[in-house]
Structures are given as C-alpha cells and as structure tokens.
Amino acid sequence: MSDKPDLKDINRELSPVDEIIEEIISELPLKERVEIANMNKERVEILKNIFNKYVRGKTDTEADDSEYTDMMNNLWSKLQKTHRLRVVK
C-alpha cells in the first residue's frame, strides 16, 4: 500500500476521462512519464489508438467513444507540462 492520497477524493470535479488520466499518471514510473512527455507528435499519434483500446478494455464505464479519442493527447499534454526535460542554468 502506498502513501499516495486517493485521487478520487482529490479530483472530485474531474470528468471520468480526466480521472482515468490522473490515475494512469500516478501509476506510471517516473521514467515512463518522462519518455511520454518527451515524445514528438508523430509518436503520440501512433500510440493513440493502441492506448485508447487498452483503456477502454480496462474500464467498466460505458463512456461515449468520443470521450476516449483524445485521451493519449490529453495524457501527453499533461505530462509535457510537468515531466519534460529542460535545460537548467
């Protein structure tokens, strides 16, 4: 059991898709978060369909497919804001 707070308590106002993204981010190892954040747009597009099918298969919700279409892009955008490698002066 980890000491991380339960995301469902913290993010009550998030949509189901945002909750899934936040949960995935919290479960990813740091190395993978950094790798995803530093991917270029073409690599993200390649992974998008595979990722969406995986998430849809793992969730029990009957969300509309349109909610899942940009899930990988949303995950990538959030990780770019927080986990991109930057030059430190």
Side-chain angles (χ1 to χ4, degrees):
M1 196 69 137
S2 71
D3 293 334
K4 293 181 184 177
D6 186 16
L7 289 175
K8 291 179 182 175
D9 292 336
I10 294 172
N11 299 319
R12 290 179 191 199
E13 297 179 16
L14 294 177
S15 73
V17 172
D18 286 333
E19 285 183 25
I20 292 168
I21 290 171
E22 291 298 323
E23 188 173 330
I24 290 169
I25 289 172
S26 70
E27 296 295 324
L28 282 173
L30 177 60
K31 181 180 178 182
E32 291 179 14
R33 285 182 271 168
V34 172
E35 286 178 8
I36 292 170
N38 289 291
M39 284 182 179
N40 60 27
K41 185 75 171 171
E42 291 79 29
R43 287 187 66 196
V44 172
E45 288 298 318
I46 292 169
L47 292 176
K48 186 194 288 188
N49 290 334
I50 297 166
F51 179 80
N52 288 345
K53 286 180 183 180
Y54 171 79
V55 171
R56 214 175 295 133
K58 291 293 184 183
T59 58
D60 294 331
T61 60
E62 294 183 15
D64 184 13
D65 282 348
S66 64
E67 290 185 50
Y68 291 104
T69 55
D70 289 329
M71 189 175 286
M72 183 66 191
N73 285 339
N74 292 340
L75 175 72
W76 179 59
S77 296
K78 286 183 181 204
L79 288 174
Q80 279 194 314
K81 293 175 187 172
T82 58
H83 288 82
R84 255 190 112 145
L85 295 177
R86 294 177 180 90
V87 176
V88 178
K89 294 182 181 183

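Each residue takes its place number in the sequence, starting with 1.
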Under the side-chain contact (heavy atoms from CB on, under 4.5 Å) criterion, do Thr82 and Ile25 qualify, and how do the steps go? CA-CA 11 Å; Thr82 58; Ile25 289 172; over 6 Å; no

Output the distance between atom CZ (Arg84) and atom CD1 (Ile36), rounded to the nearest 0.5 Å. 13.5 Å

Going by the rule side chain to side chain contact (heavy atoms under 4.5 Å, CB included), which residues pair with Lys41 if we only count those two or more places apart in sequence or in a different chain? Glu45, Asn73, Trp76

Does Arg43 have any side chain to side chain contact (heavy atoms under 4.5 Å, CB included) partners at least two apart in sequence or in another chain, and if so, which? Met39, Asn40

In Å and rounded to the nearest 0.5 Å, what is the CD1 to CG distance from Ile24 to Leu79? 10.0 Å

Using the side chain to side chain contact (heavy atoms under 4.5 Å, CB included) criterion, which residues pair with Glu35? Sequence neighbours excluded. Lys31

Specify the closest pair of heavy atoms between Ala37 and Gln80, including all atoms of both residues, with the distance to one decimal. O-CG, 3.2 Å

